[in-house]
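Structure first, then comments.
The first residue in the sequence is number 1, and the count goes up from there. We use all heavy atoms of the structure for the numbers below, so side chains are in, but hydrogens, waters and symmetry mates are not.
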Amino acid sequence: MQLFDWIVLIVTLLFIVGYGSWKTKGSKNVEDFILGNNETPWYTVGLSVMATQASAITFLSTPGQAYHDGMGFVQFYFGLPIAMIVICVTFIPLYHKNKVFTAYEFLEKRFDVKTRSLAAILFLVQRGLGTGLTIYAPAIILSALLGWNLTVMNIIIGVLVIIYTFSGGTKAVNVTQKQQMFVIMSGMFITFFLILHYLPNDMTFNSAMHIAGANDKMNIVDFSFNPEEKYTFWSGITGGFFLALAYFGTDQSQVGRYLSGKSIRESQMGLIMNGLLKVPMQFFILLTGVMVFVFFQFNPVPLNFNPNNKTVIEKSPFKEEYHVLEKKLSKLSEDKKVINLLYIDQLNQDYDNPILRKELVTLSNKEKDLRDRAKEIISRADSRSETNDKDYVFFHFILHYLPKGLIGLLLAVILSAAMSSTASGLTALASTTAIDIYKRNLKTEKSEKHYLNATKFFTLFWGIIAILFACVGTLFENLIQLVNIIGSIFYGTVLGIFLVGFYLRRVKAKPMFYSAIISQLTIFVIYYFMIYTQEKLGYLWLNFIGAILTILLSLIMQFLFFREKTDNDKVILE
């Protein structure tokens with residue numbers, strides 16, 4: 001990195017932290033700290049919701065996901081717009097009508113304190129893990145590629161977020177996320193058009209799409225009913241729908257964003273904005289990854305994008321064997337470049353040459369074989385090494401091919417996204433702990449000032465926990481998948497509780513509580529066997545299974561074992 005990159009990076013981050021702290025300092029009470037005094041306009045709600053979900057993992061892992069597997073991951077988001085409509089029609093009006101600080105506060109009014117506490121604890125477990133990952137994800141990539149100390153990176157990101165989140169709460173998160181989304185999308189658009197600029201002069205965008213298509217990167221929709229496929233139209237429209245419904249409808253990190261809206265209408269408009277823009281945004285990020293793939297058809301590419309693995313190999317007795325593969329890949333890259341240029345020349349003459357297209361596929365398969373053999377060598381050199389390099393692809397391109405200044409901007413993009421999601425997570429964890437656990441179980445009355453200070457304390461507490469978790473985290477197959485797997489394990493049960501609360505008035509507290517416990521334990525068992533059988537079921541289905549199982553069990557228990565009648569839900573549902 002050049003001096004100018006450091007200046008761009010530091011100035012951008014300090015501006016966001018300083019602006020957020022200055023603009024929102026001095027919360028007077030808990031309502032101001034958690035709900036931002038209900039002063040947030042719809043467009044800020046929309047941007048804040050988008051920024052909360054668009055973590056650093058999105059901008060690190062998603063392009064790498066597309067580089068290796070193509071555009072199919074976009075199907076994961078197909079259920080999101082439908083979920084936004086359901087939340088706008090049912091969830092938001094009920095939350096506002098009941099004047100709740102957190103989503104789980106509603107559950108006590110509908111059921112009882114045990115159900116509220118169970119849902120809150122499930123949220124705290126999964127969001128605590130997820131918030132640690134939002135710090136860990138950019139830290140591990142930056143430390144590997146730039147040689148920065150991983151622990152120091154975790155602490156820096158965590159402390160920067162804690163500063164303004166502790167100072168201004170939800171209002172600070174909302175204010176800073178507008179700036180962060182501007183930085184994030186500006187950086188991504190600039191990078192996308194630079195990639196196109198770097199492609200061969202006689203190559204059009206249409207030609208690039210043909211090359212991507214020839215390599216199976218443009219298979220956007222899969223209508224197969226194969227449950228072993230992680231991403232299909234059906235898993236996206238069902239499992240993705242349930243995950244989005246749970247995340248945006250019951251996860252306090254998102255619920256807190258739109259509970260701060262000026263009115264029900266403002267909150268609804270913010271969520272509709274997210275529903276309209278989220279799928280195109282993810283499509284664009286995936287397309288950027290596909291364009292990186294096309295770019296590397298004409299430029300040198302490493303055998304493994306994770307630089308740590310290269311260091312491991314150089315210190316091992318297998319380095320000569322690895323170097324042989326590198327030479328083969330270098331020769332293969334030259335052959336690919338020649339064939340791709342010939343293919344482009346034919347395309348410019350309106351002829352999609354099937355022979356050249358087949359040759360492209362053959363060369364890609366040979367490259368994949370070389371990479372697989374390289375992973376085996378890396379594993380032999382050090383069994384603890386993470387051979388999967390999807391999360392390093394995009395950053396390799398940034399560091400080696402972007403002009404100075406833009407590297408600093410893209411680093412700011414990654415860190416801004418990390419700070420954005422982490423801040424939302426911390427405010428949600430703090431508000432849930434303070435309102436649903438601490439305040440609800442405190443036997444004596446305390447002042448508003450006391451609960452404000454308690455919420456700030458829990459912000460600091462969860463910030464430290466997130467940093468500690470990030471410091472001991474381990475890399476998974478793909479970070480964006482890990483976040484979604486954690487969510488899928490817990491979200492289904494929590495969503496089932498809320499759906500019963502909203503739509504099945506005859507189900508009461510006891511059957512709901514026991515059904516939720518059985519459902520969550522069942523999901524743990526299912527996921528254990530998924531690991532044991534090497535994931536023969538796509539993890540998105542866990543959301544669907546968890547929600548449906550909770551609903552069915554609550555109905556069965558209500559009508560078979562718990563027939564007593566109560567009227568505890570009339571006020572809030574009618």
Closest approach of [X] and [Y], non-hydrogen atoms and distance?
X: Leu542; Y: Ser488; answer: CB-O, 3.6 Å
X: Ala428; Y: Phe123; answer: CB-CZ, 3.7 Å
X: Ser431; Y: Thr102; answer: O-CG2, 3.9 Å
X: Tyr95; Y: Gly249; answer: OH-O, 2.6 Å
X: Ala454; Y: Tyr438; answer: CB-CE2, 3.9 Å
X: Val45; Y: Ser267; answer: CG1-O, 4.2 Å

Does any pair with a residue in [range] pass salt bridge (Lys or Arg N to Asp or Glu O under 4.0 Å), and if so which ones, sequence neighbours excluded?
range: residues 512-523; answer: none
range: residues 239-252; answer: Arg127-Asp251
range: residues 422-438; answer: Arg116-Asp436

Quick one: [atom1] on [X] to [atom2] on [Y], what's the gap to the nearest 0.5 Å?
X: Thr115; Y: Tyr514; atom1: OG1; atom2: OH; answer: 10.0 Å
X: Leu271; Y: Leu276; atom1: CG; atom2: CG; answer: 11.0 Å
X: Ile489; Y: Gln520; atom1: CD1; atom2: CD; answer: 8.5 Å
X: Tyr247; Y: Tyr491; atom1: OH; atom2: OH; answer: 6.0 Å
X: Ile464; Y: Leu426; atom1: CD1; atom2: CG; answer: 10.5 Å
X: Phe233; Y: Thr238; atom1: CZ; atom2: OG1; answer: 9.5 Å

Check: residues 544-555 side-chain donor-acceptor pairs under 3.5 Å, at least two apart:
unit_1, atom_1, unit_2, atom_2, d
Thr550, OG1, Ser519, OG, 2.8
Thr550, OG1, Gly546, O, 2.7
Ser554, OG, Thr550, O, 3.3
Ser554, OG, Ile551, O, 2.7

Notebook entry, point to check: Checking side-chain contact (heavy atoms from CB on, under 4.5 Å) for the pair Phe91/Val86: CA distance, chi angles, key distance, verdict?
Noted result: CA-CA 7 Å; Phe91 290 49; Val86 174; 4.2 Å; yes

Using the side chain to side chain contact (heavy atoms under 4.5 Å, CB included) criterion, which residues pair with [X]? Sequence neighbours excluded.
X: Met273; value: Trp42, Leu47, Leu277
X: Ile156; value: Val152, Leu160
X: Val113; value: Glu108, Ser117, Arg440

Heavy atoms, side chains only, cut-off 4.5 Å: are [X] and [Y] in contact?
X: Leu124; Y: Leu429; value: yes
X: Met281; Y: Ile285; value: yes
X: Gln75; Y: Phe78; value: yes
X: Phe457; Y: Asn453; value: no
X: Thr522; Y: Thr493; value: no
X: Leu245; Y: Leu499; value: yes
X: Val100; Y: Val255; value: no

Those residues that, when tested against [X], pass side chain to side chain donor-acceptor pair (under 3.5 Å) (two or more places apart):
X: Glu266; value: none
X: Thr151; value: none
X: Lys439; value: none
X: Thr433; value: Trp462

Margin query: Let's go through Thr459 and Ile162 carefully: what are the C-alpha distance in whole Å and the side-chain angles of both, what is the deciding distance for side-chain contact (heavy atoms from CB on, under 4.5 Å) to 0.1 Å, and is it a yes or a no?
Written below: CA-CA 7 Å; Thr459 301; Ile162 289 172; 5.6 Å; no

So, does [X] use its side chain to make a donor-acceptor pair with the main chain of [Y] at under 3.5 Å?
X: Lys109; Y: Asn98; result: yes
X: Gln268; Y: Cys88; result: yes
X: Gln558; Y: Lys508; result: yes

Next item on the list: Mind telling me whether Phe498 and Phe106 have parallel, tilted or perpendicular rings, with 30° and 60° as the class edges?
Entry: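 Geometry flag for Phe498 against Phe106: parallel rings.
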
Checklist line | Tyr503-Thr90 side chain donor-acceptor pair, cut-off 3.5 Å | finding: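 A pair is found: one side chain offers a donor N or O, the other an acceptor, under 3.5 Å apart.
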
Margin query: Do Gln252 and Tyr104 pair up side chain to side chain, a donor and an acceptor below 3.5 Å, judged on atom types alone?
Written below: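 No, because no side-chain N or O of Gln252 sits under 3.5 Å from a partner of the opposite role on Tyr104.
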
Next item on the list: Could you walk me through whether Gln254 and Val49 pass side-chain contact (heavy atoms from CB on, under 4.5 Å), step by step?
Entry: CA-CA 6 Å; Gln254 285 290 7; Val49 166; 3.4 Å; yes

Next item on the list: Go through Leu118 and Lys114 one step at a time and tell me if the side-chain contact (heavy atoms from CB on, under 4.5 Å) criterion holds.
Entry: CA-CA 6 Å; Leu118 175 63; Lys114 294 198 305 294; over 6 Å; no

Checklist line | Residues in salt bridge (Lys or Arg N to Asp or Glu O under 4.0 Å) contact with Arg265, at least two apart in sequence or another chain | finding: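 Not a single residue meets the salt bridge (Lys or Arg N to Asp or Glu O under 4.0 Å) criterion with Arg265.
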
Margin query: Are Phe73 and His68, when compared by the centres of their aromatic rings, separated by less than 6.0 Å?
Written below: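 They do not qualify: ring centres at least 6.0 Å apart.
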
Notebook entry, point to check: Is the centre of the Phe524 ring less than 6.0 Å from the centre of the Phe490 ring?
Noted result: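 Yes; Phe490 has its ring centre under 6.0 Å from that of Phe524.
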
